[in-house]
Amino acid sequence: MERRTRVRFAPSPTGPLHMGGVRTALYNYLFAKQRGGDFIIRIEDTDSNRFVPGAEAYIIEALNWCGIIPDEGVDGNGKVVEEASEKHPHAPYRQSQRRGIYRKYADQLVESGNAYYAFDTAEELNEARAACEAKGETFIYNQTTRMSLRNSLSMPESEWRPLLDSRTDWTVRFKMPENTVVAMDDMIRGHVEINTDTLDDKVLWKRADELPTYHLANIVDDHLMEITEVIRGEEWLPSLPLHYLLYQAFGWQDTMPRFAHLPLLLKPVGNGKLSKRDGDKMGFPVFPLNWLNSEGETYHGYREDGYFPEAFVNLLAMLGWNPGTEQEIFSMKELIEAFSIDHVSKSGAKFNPDKAKWYNKEYLRMKSDEELTDAFMPILASKGINEDYDKVKKIVALIKERATFVADFWDIASYLFVAPAEYAEKDANKFWKEENYTLALKVADFILAFDGEFTKESLEGPLEEYIRSNEWPMGKVMNCLRLALVGASSGLGIADIVTIIGKEEFARRIEAIKAKLC
RNA sequence: GCUGGGUUCGUAUAACGGUUAGUACCCAAGAUUCUCAAUCUUGUAAUAGGAGUUCGAUUCUCCUACCCAGUACCA
């Protein structure tokens with residue numbers, strides 16, 4: 001029987017979601033939407049010690065910004081659902097609120113002989129680890145050591161049974177079978193095998209906080225929530241055999257989800273996975289949104305750095321996946337159609353900030369002048385400039401191809417709003433020579449005397465004709481004027497600039513440079 | 001250390017036994033322009049190393065090297 005596709009993104013609210021996490025969520029989302037299935041959010045907060053306030057809201061807001069909208073687990077107000085309803089039948093979606101569910105599954109495993117109660121204290125285990133380390137060995141809680149430790153396998157029932165009630169620091173551990181080959185299939189990596197002798201008896205449930213660990217909670221919830229595919233980061237591959245074994249122990253192998261382990265996102269230079277420190281060090285964000293940590297440090301986000309969510313999603317999609325064609329620009333809709341696990345690569349992808357910027361530039365040029373103007377107006381206002389909307393729109397149309405971010409507009413075109421505060425020395429030395437500027441000033445007079453309509457179309461032709469007919473050097477003359485208008489030898493065509501700033505401002509700037517340089 | 005995963009230009013990747021090993025970003029050169037940017041054209045640059053299997057290996061197998069992950073009562 002064909003099951004409805006249901007995938008989940010299950011972050012732990014221990015801090016801001018970084019871009020690798022967003023990518024995992026994105027791939028899950030694309031996979032689900034392509035099959036008309038459900039994308040579910042589940043909050044894995046089983047470690048009360050690592051809980052970070054605000055992290056959960058951050059994660060949901062980040063996904064929302066990216067257009068990754070969950071079908072289940074989060075409601076329309078961006079809140080994690082706590083009460084079951086038709087749309088959210090598996091509520092609550094926060095594992096800390098599902099506490100009561102897991103205990104019986106842990107007990108079930110003990111009863112079926114797949115798990116046992118362990119009474120070793122943290123100190124005892126630390127000592128055992130230290131003792132092994134001193135001998136150059138690694139302590140491992142498994143078949144070779146478990147009988148010499150304190151648990152319901154090594155002690156008679158009469159002894160351990162009372163401890164269940166009298167102590168509150170025991171755990172339930174998985175009883176890893178001996179010398180068994182676990183054969184697994186991964187949608188990305190193919191067939192993988194491992195011998196259970198290399199694995200340990202993982203803690204599944206902790207009496208101390210009456211909460212499961214990741215492994216138990218994950219398997220139980222994926223089963224209960226009828227998850228069909230688990231698409232997660234590569235760091236989970238080593239625990240896949242345990243998860244397989246848990247499905248077997250519960251007798252759920254018929255509905256066990258398929259697994260796909262995604263390659264990691266690596267730092268741009270050097271080795272290792274992308275970490276939150278890399279970004280600010282290298283001048284690119286690692287997070288989707290700004291994040292203020294408890295020490296008062298702010299980590300940069302793509303949103304605040306001026307990236308469009310579409311560009312961010314697009315670049316993320318291409319980090320570890322390719323469409324098999326040469327298309328590089330994809331809308332979310334196109335991604336949903338084109339995405340395929342078959343084209344996800346096996347190896348980690350080094351993030352390339354240059355390519356990220358290129359993506360933003362491409363998206364910026366696809367935006368309408370109106371949308372860009374709307375974004376630019378507040379920036380202008382912050383510079384103390386209240387310019388007419390239509391005029392700003394005209395300017396935006398002229399400069400949008402030169403920018404990567406909307407925030408670049410000001411740097412590129414501030415001279416269209418305010419006179420240059422200074423003149424670039426290098427350019428001035430190069431162009432503002434007497435033989436040039438005497439001619440340039442004549443051209444300025446020509447422009448001031450021009451009585452036709454002041455538009456680029458009407459002005460440009462006659463202006464160039466005037467210079468040519470006098471056989472003056474076009475480049476030198478124009479750059480002298482540009483220096484006066486822009487403050488440097490870069491920027492738009494003279495006719496464009498003059499048209500935008502108008503005749504009066506043009507006159508003022510000519511006077512200003514005359515006073516300064518003549 | 002052990003276990004698992006990975007390895008094509010600097011980067012992201014294509015080529016799922018037969019190609020002059022393709023594309024994009026970056027970089028460089030040229031064209032264009034009144035400058036800059038944009039644009040266009042061109043260029044530099046890769047199958048980690050070694051054995052096999054095969055008529056033929058980037059592609060399959062093994063070994064080595066290197067990288068990554070896991071090795072918690074963290075996820």
query = Starting at the 5' end of RNA chain B and moving along, which residue's nearest nucleotide shows up first, A:Glu193 or A:Met478?
reply =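 Closest to the 5' end, via its nearest nucleotide, is A:Glu193.
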task = Return the 5'-most residue of the pair A:His343, A:Ala488 with respect to RNA chain B, ranking by each residue's nearest nucleotide.
result =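 Taking each residue's closest nucleotide, the earlier one in sequence belongs to A:His343.
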query = Got a donor-acceptor pair under 3.5 Å from the side chain of A:Glu460 to the base of B:C34?
reply =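 Per atom types, the contact qualifies.
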Touch check for [X], heavy atoms < 4.0 angstrom, all strands: base, sugar-phosphate only, or nothing?
X        : result
A:Asp169 : base
A:Gly491 : base
A:Val192 : sugar-phosphate
A:Leu481 : nothing
A:Thr198 : sugar-phosphate
A:Trp170 : nothing
A:Asp120 : base
A:Lys206 : base
A:Leu237 : sugar-phosphate
A:Glu464 : base
A:Ser345 : sugar-phosphate
A:Gly136 : nothing
A:Arg189 : sugar-phosphate
A:Arg207 : nothing

[atom1]-based separation of [M] from [N] [nearest Å]:
N     : M     : atom1 : value
B:U39 : B:U59 : C1'   : 39 Å
B:C25 : B:C9  : C1'   : 12 Å
B:U19 : B:A57 : C1'   : 13 Å
B:U47 : B:U58 : P     : 11 Å
B:U3  : B:U8  : P     : 25 Å
B:C60 : B:A14 : P     : 13 Å
B:U61 : B:G5  : P     : 12 Å
B:A45 : B:A51 : C1'   : 29 Å

Roughly how many Å is it from [atom1] in [X] to [atom2] in [N], rounded to a whole number?
X        : N     : atom1 : atom2 : result
A:His261 : B:G5  : NE2   : C1'   : 11 Å
A:Leu265 : B:U11 : CG    : P     : 15 Å
A:Phe284 : B:C25 : CZ    : C1'   : 15 Å
A:Trp358 : B:A37 : CH2   : C1'   : 18 Å
A:Leu262 : B:G70 : CG    : C1'   : 17 Å
A:Glu44  : B:C73 : CD    : P     : 18 Å
A:Leu264 : B:A12 : CG    : P     : 13 Å
A:Leu204 : B:C73 : CG    : P     : 11 Å

Can you tell me which nucleotide in [options] comes closest to the side chain of [X]?
X        : options             : answer
A:Thr213 : B:C73, B:C34, B:U3  : B:C73
A:Glu235 : B:A75, B:U13, B:C34 : B:A75
A:Lys202 : B:U71, B:C34, B:A12 : B:U71
A:Arg482 : B:C73, B:U35, B:G4  : B:U35
A:Asp47  : B:U7, B:C74, B:C34  : B:C74
A:Lys350 : B:A75, B:C34, B:U11 : B:U11
A:Ser490 : B:U3, B:A75, B:U35  : B:U35

Does [N] have its OP1 or OP2 closer than 4.0 Å to a side-chain nitrogen or oxygen of [X]?
X        : N     : value
A:Thr14  : B:A75 : no
A:Thr46  : B:A75 : yes
A:Lys361 : B:A38 : yes
A:Arg365 : B:U39 : yes
A:Arg50  : B:A75 : no
A:Asn322 : B:A14 : yes

task = Return the set of residues passing side chain to side chain contact (heavy atoms under 4.5 Å, CB included) with A:Glu133 (not counting sequence neighbours), or none when no residue passes.
result =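 If we apply the side chain to side chain contact (heavy atoms under 4.5 Å, CB included) test to A:Glu133, skipping adjacent residues, there are no hits.
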Under a 3.5 Å cut-off for both distances, is [N] Watson-Crick or wobble paired, and to whom?
N     : value
B:G17 : none
B:A51 : B:U61
B:U71 : B:G1
B:G10 : B:C25
B:A37 : none
B:G56 : none

Anything under 3.5 Å between a donor and an acceptor, one on a side chain of residues 410-418 of chain A, the other on a protein residue two or more places apart or in another chain? List them.
| from | atom 1 | to | atom 2 | distance (Å) |
| --- | --- | --- | --- | --- |
| A:Tyr415 | OH | A:Leu492 | N | 3.0 |

message = Ring centres under 6.0 Å, that's the criterion: do A:Tyr214 and A:Trp236 meet it?
response =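 Ring centres of A:Trp236 and A:Tyr214 closer than 6.0 Å.
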key: Ring-face cation contact, A:Trp358 with A:Lys355, 6.0 Å cut, 45° max   =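 Relative to the ring axis of A:Trp358, which defines the angle, A:Lys355 lies inside both limits.
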inquiry  = Does the Lys NZ or Arg CZ of A:Arg173 fall within the cation-pi geometry relative to A:Tyr141 - under 6.0 Å from the ring centre and within 45° of the axis?
reply    =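 Pair A:Arg173/A:Tyr141 counts as cation-pi.
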request  = Answer yes or no: is there an ion pair linking A:Glu310 with A:Lys367, defined by an N-O contact shorter than 4.0 Å?
outcome  =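 Yes, A:Glu310 and A:Lys367 are salt-bridged.
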Cationic N near anionic O, under 4.0 Å, A:Lys476 to A:Glu435 =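 A salt bridge is absent here (no side-chain N lies under 4.0 Å from a carboxylate O).
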query = Can A:Tyr102 and A:Asp221 be counted as having a side-chain donor-acceptor contact under 3.5 angstrom?
reply =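 There is such a pair between these side chains.
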inquiry  = Quiz question: by atom type and distance under 3.5 Å, do the side chains of A:Ser489 and A:Asn479 form a donor-acceptor pair?
reply    =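 Side-chain D/A pair, A:Ser489 to A:Asn479: absent.
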query = Within a strict 4.5 Å, meaning less than it, do heavy atoms of the A:Phe405 and A:Lys357 side chains meet?
reply =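 Of all side-chain heavy-atom pairs linking A:Lys357 with A:Phe405, at least one is under 4.5 Å.
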